[in-house]
> 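Here's a structure for you.
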Amino acid sequence: MRKKVLLLISRQFFRQTFRSKGVYLLLVVWAMLLFYAAFSGSSYTRHNHFRTDHQEEARKSWEANPDKHPHRMAHFGTFAFRLKHPLSIFEYGIESYTGNAVFLEAHRQNTVNFSEAGFSTGLLRIGELSMAVILQLLLPLLIFFMGYAAISADRENGTLKILLTQGAKWKEVLFGRTIGLFYIGMLLLIPVFIFTATLLLFDDHATTDVWLRFFILLIMYLLFVLILCMITVSVSSASKSSAGSLLKLLGIWLVMIVMLPRTAQAIGGYFYPTPGKMEFKSAIEEEVIQYGDSHDPEDPHFNSLRDSVLTAYKVSTVDELPFNYSGFVMKEGERISAMIYNKHHNELLDRYRKQNQFSSWMAIVNPYMAVKNLSMSLSDTGFESYVYFQKQAEDYRYKLAQHMNNLQIKYIGAGINSSEGKRNVIDRSEWQNFDDFEHRFLRLGKTLANELVSLISLIVWTLLSTWMVGYNAKNTKVV
């Protein structure tokens with residue numbers, strides 16, 4: 001293929017597209033939608049300030065407690081707040097539906113609450129308009145509309161025959177039109193990333209990791225646009241009329257954006273149903289009671305534990321032990337309840353992951369799903385990011401509860417099994433020295449590993465769509 005001819009054909013198609021006044025109307029609507037989405041995403045800073053302030057308030061409340069019994073402090077508890085990732089200005093993902101705060105206390109694993117969807121009108125449940133959603137849903141539609149007649153229109157008016165008789169080759173015509181359409185796609189895409197980059201420049205939390213994610217997102221969406229352009233030109237070259245080409249492309253859009261994602265979700269939910277909230281909690285409570293209830297003085301497990309401890313220390317009563325036995329029981333009870341909860345929670349997460357696998361593998365046949373999954377993961381607004389926050393919160397809760405139990409074992413008298421009174425207390429500095437909760441984002445390497453199928457899918461689709469254009473160049477007829 002001759003570079004000069006390719007550039008000539010691509011520039012001609014680019015100029016021809018912008019001769020239509022309707023294109024400018026589409027660009028105005030596109031700009032308005034992007035401005036609205038960008039304005040909505042700019043609330044990220046306000047949300048993070050709000051959550052950081054509440055985390056600080058929870059810490060102040062924790063440290064302000066007077067001298068107290070450690071077990072009372074374990075039940076007093078604290079909060080863990082999930083921060084928004086800087087790239088959430090671009091991609092909201094599932095953030096609005098998963099909650100952002102959880103109360104951490106001994107013996108109880110509370111759910112993450114205070115989602116934005118829970119405090120909003122039903123309109124939010126229809127969907128949010130982020131910059132990523134516009135690129136994923138509307139950009140394919142615009143490319144299809146601007147490129148559906150790229151080849152078919154020339155076939156209808158006879159221009160294609162003139163091009164070929166003047167020395168242009170089929171490959172040069174098809175790839176030239178693809179490049180011209182790609183220019184238009186970049187004209188729609190690049191301003192989105194320029195605006196996102198501008199917002200990140202003014203964000204103190206935009207680390208090297210954030211910028212690396214940003215550039216991967218940019219490359220990913222450029223590949224997506226290129227794939228869409230090559231699909232459009234391939235369909236247009238294989239269609240006998242422009243109307244037929246448009247109908248085929250609209251059908252592809254419906255299958256790609258609506259039918260395949262919904263079908264994958266439905267199949268996943270059918271084969272791997274999940275229990276309700278009450279059913280999940282009831283299963284945990286029943287197993288805890290069967291295994292051993294630390295709050296029941298007649299529980300067989302803890303009676304056996306007491307006898308073992310007394311035998312090991314060669315004493316007849318718990319009052320003779322060199323430590324507080326009540327704290328020891330609470331520590332064992334916390335270990336049991338956390339172990340059982342983690343087992344049920346991991347089983348639940350496993351079912352959700354199996355449901356999501358249908359959507360993940362659907363990326364192989366649907367580049368839209370590949371882009372959507374990667375976009376959420378790289379913006380740290382996907383399912384695995386939420387699960388990682390849950391794990392951090394539970395790990396912190398368990399360490400906090402066990403720290404309080406260890407303080408009780410160490411400082412409270414051996415025969416004391418009550419937290420009442422002013423004598424059974426320890427100095428407040430003991431829990432003030434315990435570190436506050438700090439939310440961390442999922443590492444980039446782990447993020448990319450989770451979306452390996454989507455990454456491979458984008459590469460495969462780029463190669464496949466390139467082959468499609470080349471195949472059509474060999475088999476397409478002038479008439």
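For this chain, numbers begin at 1 and follow the sequence in order.
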> In plain terms, say whether E285 and R108 are close enough for a salt bridge, that is, a side-chain N and a carboxylate O under 4.0 Å apart.
no
> Working note: Q136 + Y221, criterion side-chain contact (heavy atoms from CB on, under 4.5 Å); need CA distance, chi angles, decisive distance, verdict.
CA-CA 9 Å; Q136 293 162 19; Y221 274 98; 2.9 Å; yes
> So F193 and F90, would you call those rings parallel, tilted or perpendicular, with 30° and 60° as cut-offs?
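The rings of F193 and F90 sit tilted, inter-plane angle from 30° to 60°.
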> Quick one: does N366's side chain have a donor or acceptor within less than 3.5 Å of a partner on M362's backbone?
no
> Given side-chain contact (heavy atoms from CB on, under 4.5 Å), test L104 with N110 step by step and report yes or no.
CA-CA 7 Å; L104 310 175; N110 297 306; over 6 Å; no
> Apply side-chain contact (heavy atoms from CB on, under 4.5 Å) to residues Q357 and V453 and explain how you reach the verdict.
CA-CA 10 Å; Q357 277 181 359; V453 174; over 6 Å; no
> Going through the distances and angles, do M220 and V371 end up as a side-chain contact (heavy atoms from CB on, under 4.5 Å)?
CA-CA 7 Å; M220 179 192 79; V371 168; 4.0 Å; yes
> How close do L217 and L374 get, counting heavy atoms only, and between which atoms?
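Residues L217 and L374, closest heavy atoms: CD2-O, 4.5 Å.
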> May I ask you to check whether T381 and E91 show a side-chain donor-acceptor distance below 3.5 Å?
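There is no such pair (donor and acceptor under 3.5 Å, judged by atom type) between the side chains of T381 and E91.
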> Evaluate the salt bridge (charged side-chain N to carboxylate O under 4.0 Å, His left out) criterion for residues D209 and R443: first the C-alpha distance (whole Å), next the side-chain angles of each, then the deciding distance (0.1 Å), finally the verdict.
CA-CA 8 Å; D209 178 84; R443 292 180 291 106; over 6 Å; no
> Using modelled atom types and a 3.5 Å cut-off, is there a donor and acceptor pairing between side-chain atoms of S237 and backbone atoms of S234?
yes
> Would S379 and S88 count as having a side-chain donor-acceptor pair, cut-off 3.5 Å?
no
> Are any of the side-chain nitrogens in R353 or E384 under 4.0 Å away from the carboxylate oxygens of its partner?
yes
> Please check this pair: side chain of S152 against backbone of Y148, looking for a donor-acceptor N/O pair closer than 3.5 Å.
yes
> Just checking H54 against F79, ring centres under 6.0 Å apart?
no
> Is the shortest distance from a Lys or Arg side-chain nitrogen in E95 or K84 to a carboxylate oxygen in the other one below 4.0 Å?
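Yes, E95 and K84 are salt-bridged.
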> Under the criterion salt bridge (charged side-chain N to carboxylate O under 4.0 Å, His left out), I'd like the reasoning laid out for E287 against K343: C-alpha separation, chi angles, the key distance, then a yes or no.
CA-CA 11 Å; E287 190 167 345; K343 185 188 78 169; 2.6 Å; yes
> Quick check, are the ring centers of F182 and F14 under 6.0 angstrom apart?
no
> Are side-chain N/O atoms of E394 and Q390 paired as donor and acceptor at under 3.5 Å?
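On atom types as modelled, these side chains do not qualify, holding no pair under 3.5 Å.
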> Could you verify whether a donor N or O on one side chain and an acceptor N or O on the other, from Y388 and Q392, lie under 3.5 Å apart?
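No, because no side-chain N or O of Y388 sits under 3.5 Å from a partner of the opposite role on Q392.
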> Is the side chain of S61 donor-acceptor paired with the backbone N or O of E57 at a distance under 3.5 Å, no angle test?
no
> Measure up the F389 and F437 rings against each other and bin them: parallel (under 30°), tilted (30 to 60°), perpendicular (over 60°).
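Plane angle over 60°, so perpendicular.
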> Does any donor atom in the side chain of Q55 or H439 lie under 3.5 Å from an acceptor atom in the other side chain?
no
> Is it the case that the side chain of S457 and the backbone of A363 share a donor-acceptor pair, with hydrogens and angles ignored and the cut-off at 3.5 Å?
yes
> Salt bridge check: are R351 and E347 linked by an N-O gap of less than 4.0 Å?
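Salt bridge absent between R351 and E347.
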> Under 4.0 Å between a Lys/Arg side-chain N and an Asp/Glu carboxylate O for K399 and D395?
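Between D395 and K399 there is no salt bridge, as every charged N stays at least 4.0 Å from the carboxylate O atoms.
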> Quiz question: by atom type and distance under 3.5 Å, do the side chains of H107 and E334 form a donor-acceptor pair?
yes
> Does S239 offer a backbone N or O that forms a donor-acceptor pair with the side chain of R155 under 3.5 Å?
yes
> So, do S10 and F175 sit near enough that their side-chain heavy atoms are less than 4.5 Å apart?
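Side chain of S10 against side chain of F175, heavy atoms only: no contact under 4.5 Å found.
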> Does the side chain of T78 come within less than 4.5 Å of L400's, by heavy atoms?
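They are in side-chain contact.
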> W211 and F214: aromatic ring centres closer than 6.0 Å?
yes
> Name the residue from T98, L442, N100, D380 that meets the side-chain contact (heavy atoms from CB on, under 4.5 Å) definition with Y386.
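Single side-chain contact (heavy atoms from CB on, under 4.5 Å) partner of Y386 among T98, L442, N100, D380: T98.
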> Assess, by modelled atom type and distance only, whether the side chains of N157 and T159 contain a donor and an acceptor separated by less than 3.5 Å.
yes
> Output yes when a side-chain donor or acceptor of R51 lies under 3.5 Å from a complementary backbone atom of L83, and no otherwise.
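No; zero donor-acceptor contacts below 3.5 Å.
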